[in-house]
Structures are given as structure tokens and as C-alpha cells.
Visitor: 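Shown below is the structure under consideration.
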Amino acid sequence: MNQQLAGYAPTPIAARMENHGHSMLKVAMATGQDLYARSGSMVAYEGFISYEPNPPAVRQIARDWITGEGAPLMKCTGDGLLYLADYGADVVVINLQNDAISVNGTNLLALDAHLQWGVERVKGLAKFAGQGLFNVGIAGTGWVALTSRGTPIVVDCGRGEDETYVDPDALVAWSPQLKVKGKRSFKAGSLIGRGSGEAYQMAFSGQGIVVVQPSEDSTDRLRARG
């Protein structure tokens, strides 16, 4: 049986964060290299790793982002290997090199604790869709892991002068230097998307990228799991 399952065994450590398959994240933990991860996302670990739900730093930064019971992130410390997942969603690993990215709050899986980050409401959307959208701005040098409901597409907005339009429920992440505004469909009741915000889109312009998932899942996945 061991030979039959050998193809699923963990691979040698190659980086701080890396994929194990499409829907699992492997993090090499070490003393002094703390991690913030989505609450309830731990599926397995090796070694000596401790978890602090709703840490003070998260409560202070993400007070407007808290939904349900508790904060959406936990602090992970220790030495060993940590495996994270989110209900089978695809995992996308990004290594920031003195760079920045804005992430839809529902798509953030993990980030290095030393990175600079903050939470803010995306301006210009609430008046169109009747609801807010929180993004997490992350900057510095370090690792970030995102989730996507299926294999995402990365759209380069700098290839032309036209704006790029995205259904808010399908949006994963974008370059923070892009200009963002809400757009309502010209024809009332037109069925453009398949999600709850069918007549609303977010328009991006400028130089940068937009990451879009092939799903319009507006389910609140930030609720703390007991």
C-alpha cells in the first residue's frame, strides 16, 4: 500500500511556501518566521507549531474586516511543516520582492507575519452593488498564499487603453497601482454575470494585473470555524 500512495507523499522542502498539489499549501516554519493564516485552514502539521486565534495585531488591523465570531486570521509560530487548505480551493503562491498586491479578503489564505498589511473597503463599489468589498493590501518582501475557486486567469491591464471589467465575486487580487471604479450595466436587468451582482462590475485601468477566478462564489468564507 505504501508504494501505491508514494506519489502523494510530501516532496523535499524547496521554498518557504509551495503547493502540494493544486489545493494544498505547504509552509516551512522556523523560529522567528511567524505566519498569519486563515482561521481554520490548518489540515496537518509536523514538528512543534502553536496557534494563536484572534491575536492582538490582527484585531487592531482587521477590526473592520471581522465577520461572524472572531477574527479571520490566526498566528502560527514554531518549527516544522504546516499544511493549509480551504475546502479544496486552488492555492496560488506569490513571492513578493519589495512589491505590493491587493487581495480580496475572502481569497487570502496566508502571509508572512513580517509583511506590511492593512484592510480597507474598496471605494466606489457600495453605491453600485449595495454591499462593501474589503481588500487586504500587502507590501514588502515575503510570501503570500491566495485561494481561487478553480484555476485563475491573470489579466494584464497594461496591454491596451481599454478598461478591464470583473465581476466582484470573481475577483481574487490586483495590482494596487491600478485605478478602480464601479460600473453599472447600461441596460437594467441585463444578465452579464452569473453571480449575485449580475449588473455590476469593477473597472480596472492603468499598468498592472488582475487575478480572476472561474467562479462567482460570494459565500462568506471568513467566518471563524469552531
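As the structure is a computational prediction, the values presented were derived from the model and not from experiment. Start at 1 with the first residue, then count along the sequence.
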Visitor: How long is the straight-line distance from CG of D167 back to CE of M202, given to the nearest 0.5 Å?
Guide: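 So the CE of M202 and the CG of D167 are separated by 10.5 Å.
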Visitor: Measure the OH-CG distance between Y36 and L115 for me, rounded to the nearest 0.5 Å.
Guide: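 The distance works out to 10.5 Å.
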Visitor: So, the side chain of K26 versus the backbone of R16: is there a donor-acceptor pair under 3.5 Å, distance only?
Guide: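 No; judged by distance alone, with no hydrogens or angles, the pair does not exist.
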Visitor: Would you please classify the geometry between the W174 ring and the F204 ring as parallel, tilted or perpendicular, with 30° and 60° separating the classes?
Guide: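 Tilted: the ring planes of F204 and W174 meet at 30° to 60°.
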Visitor: Begin from the C-alpha positions of I101 and S175 and carry the test side-chain contact (heavy atoms from CB on, under 4.5 Å) through to its verdict.
Guide: CA-CA 5 Å; I101 189 170; S175 300; over 6 Å; no
Visitor: Do L171 and V210 have side chains that approach each other closer than 4.5 Å (heavy atoms only, starting at C-beta)?
Guide: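 L171 reaches V210 side chain to side chain.
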Visitor: How about W117 and V58: do any of their side-chain heavy atoms sit closer than 4.5 Å?
Guide: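 The answer is yes, as the side chains (C-beta and beyond) meet within the 4.5 Å cut-off.
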Visitor: For the residue pair L81 and I13, establish whether any side-chain heavy-atom pair is separated by less than 4.5 Å.
Guide: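 Yes; the side chains approach each other to less than 4.5 Å.
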Visitor: Dump the intermediate steps for side-chain contact (heavy atoms from CB on, under 4.5 Å) on L84 and R38, then the final yes or no.
Guide: CA-CA 9 Å; L84 305 175; R38 179 177 300 164; over 6 Å; no
Visitor: Below 4.5 Å, heavy atoms only, C-beta onward: do V166 and T164 meet side chain to side chain?
Guide: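 Yes, side chains in contact.
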Visitor: If you round to the nearest 0.5 Å, how far is CD of E18 from CE of M24?
Guide: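 If we round to the nearest 0.5 Å, M24:CE and E18:CD are 13.0 Å apart.
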Visitor: Quick one, V93 and L146 - any side-chain contact, counting heavy atoms below 4.5 Å?
Guide: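 Result no, sub-4.5 Å side-chain heavy-atom pair not found.
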Visitor: Look at E163 together with K179 and state whether they make a salt bridge at an N to O cut-off of under 4.0 Å.
Guide: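 Not counted as a salt bridge, because no side-chain N and carboxylate O are separated by less than 4.0 Å.
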Visitor: Can you spot which of D112, V144, T141 makes a side-chain contact (heavy atoms from CB on, under 4.5 Å) with L96?
Guide: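 For L96, the side-chain contact (heavy atoms from CB on, under 4.5 Å) test succeeds with only one of D112, V144, T141, which is V144.
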Visitor: Would you say L178 and C157 make side-chain contact, with heavy atoms under 4.5 Å?
Guide: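 Result yes, sub-4.5 Å side-chain heavy-atom pair found.
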Visitor: Please tell me if the side chains of H22 and V91 come closer than 4.5 Å, counting only heavy atoms from C-beta onward.
Guide: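 Not in contact.
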Visitor: I would like to know whether T31 and D79 meet side-chain hydrogen bond (donor to acceptor under 3.5 Å, both in side chains); could you show each step before the answer?
Guide: CA-CA 6 Å; T31 301; D79 294 272; 2.5 Å; yes
Visitor: Could you go step by step and tell me if Q33 and H114 meet the side-chain contact (heavy atoms from CB on, under 4.5 Å) rule?
Guide: CA-CA 8 Å; Q33 298 180 15; H114 68 265; over 6 Å; no
Visitor: Quick one: does M29's side chain get under 4.5 Å of C76's, heavy atoms only?
Guide: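 In short, these two side chains touch, coming nearer than 4.5 Å.
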Visitor: Is there a side-chain contact (heavy atoms from CB on, under 4.5 Å) between M74 and S41? Walk through the geometry before answering.
Guide: CA-CA 9 Å; M74 59 182 178; S41 61; 4.0 Å; yes
Visitor: Taking NZ, NE, NH1 and NH2 as the nitrogens, is one of them in D169 or R149 under 4.0 Å from a carboxylate oxygen of the other?
Guide: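 Not counted as a salt bridge, because no side-chain N and carboxylate O are separated by less than 4.0 Å.
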